[in-house]
Amino acid sequence: MRKKILYSFLTLQALLVGFQASVYADPIIGVTLGDGSEPVGTSALSLLLLITVLSLAPAILVLMTSFTRIVIVLGFVRTSLGTQQMPPNQVLIGLALFMTLFVMAPTMSQVNETALKPYLAGEISQTDALEKAAVPMKEFMYKHTREKDLLLFMKYTKTEKPATYQDIPMTVLVPAYAISELKTAFQMGFMIFIPFLVIDMVVASTLMAMGMMMLPPVMISLPFKILLFVLVDGWYLVVKSLLTSFSP
């Protein structure tokens, strides 16, 4: 029995050694930077820029699109209902992502037609592509940015008054748009809180009048809040309000 085990072990080891020798002797995997027609340094720099853009993609998604307002309002809905982790974070973020794609579809279509396609076809350079892509993004953000927030960052950076919104630097427009979206989202969240707050107050007052002060009011009010939200078709109203807030 021991001889069989030893023989099997030696056979397996011999096969592994032979496989390693064949791999090192005739490698079949290779990595090529670029198509070989340009210097390696240029390809490496392009790869580094691509990795940098991908690392900044979450910040671009959060601060330059409708994602911020949508995900905050959906979070307020869950908090006002008091359902803890229902719906789960994955559901809320997934819904916010797809609603963001729906709202940003016209803007992204313009970016694709004016910047991405010509760049991939080799008709324009990277700098021209970024400049052309910024035009529809600036138009979208400027529509939903308050003048007060915009002036705050323009005064801080001592930026001269631009002739049009296209002359506003992205370093000024992006943070102004972000705080404008935060204010709008919190205003919508406050309006969502009011009916559920009324239900909590009525339930708490009723329990105190009945002498049930040891019974948590949240336990009694939660079913009523869920029932109210379902009867008025709450998700439809919330999504409709979000889409209407982004309408031109």
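Note that these values count all heavy atoms, side chains included, but never hydrogens, waters or copies made by symmetry.
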Minimum heavy-atom distance [X]-[Y], with the two atoms named:
X    : Y    : answer
V73  : A185 : CG2-O, 3.9 Å
F196 : L81  : CE2-CD2, 3.5 Å
L243 : V103 : CD2-CG2, 3.8 Å
S245 : H144 : O-CE1, 3.8 Å
D149 : S180 : OD2-OG, 2.6 Å
L74  : V238 : CD2-CG1, 4.2 Å

How many angstroms lie between [atom1] in [X] and [atom2] in [Y], if you round to the nearest 0.5 Å?
X    : Y    : atom1 : atom2 : value
L242 : I72  : CG    : CD1   : 11.0 Å
I192 : L197 : CD1   : CG    : 13.5 Å
F140 : S66  : CZ    : OG    : 5.0 Å
E147 : M154 : CD    : CE    : 9.5 Å
I93  : T100 : CD1   : OG1   : 11.0 Å
L97  : T65  : CG    : OG1   : 8.5 Å

Verify the cluster assignment for [X] and [Y]: are they in a single hydrophobic cluster under the rule of side-chain heavy atoms below 4.5 Å apart?
X    : Y    : answer
L222 : F193 : no
M188 : W235 : yes
F246 : L182 : yes
Y236 : L228 : yes
V71  : F102 : yes

Side chain S80, main chain V77, donor-acceptor under 3.5 Å: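 Checked: pair present.
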
Donor-acceptor under 3.5 Å (R78 side chain, P87 main chain):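 Yes.
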
Working for side-chain contact (heavy atoms from CB on, under 4.5 Å), residues R69 and M99: CA-CA 11 Å; R69 183 189 306 186; M99 288 184 63; over 6 Å; no

Whether over 12 other heavy atoms sit under 6.0 Å from M170 CE: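 Atom CE in M170 is packed in, count exceeds 12.
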
Exceeds 12 heavy-atom contacts within 6.0 angstrom, atom OH of Y142: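 Count not over threshold, so no.
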
Does the side chain of [X] reach to within under 4.5 Å of the side chain of [Y], using non-hydrogen atoms?
X    : Y    : answer
M141 : E181 : no
M137 : Q110 : no
L152 : K148 : no
V91  : P88  : yes
M104 : F67  : no
T171 : F153 : no

Passing option when T145 is tested against I168, L173, V172, V174 for side chain to side chain contact (heavy atoms under 4.5 Å, CB included):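 One option only clears the test, and that one is L173.
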
CA sep, side-chain torsions, deciding dist, call: F224, V202, side-chain contact (heavy atoms from CB on, under 4.5 Å): CA-CA 11 Å; F224 290 101; V202 170; over 6 Å; no

Aromatic ring proximity F76/F186, centre distance under 6.0 Å: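 Yes, the ring of F76 comes within the 6.0 Å limit of the ring of F186, centre to centre.
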
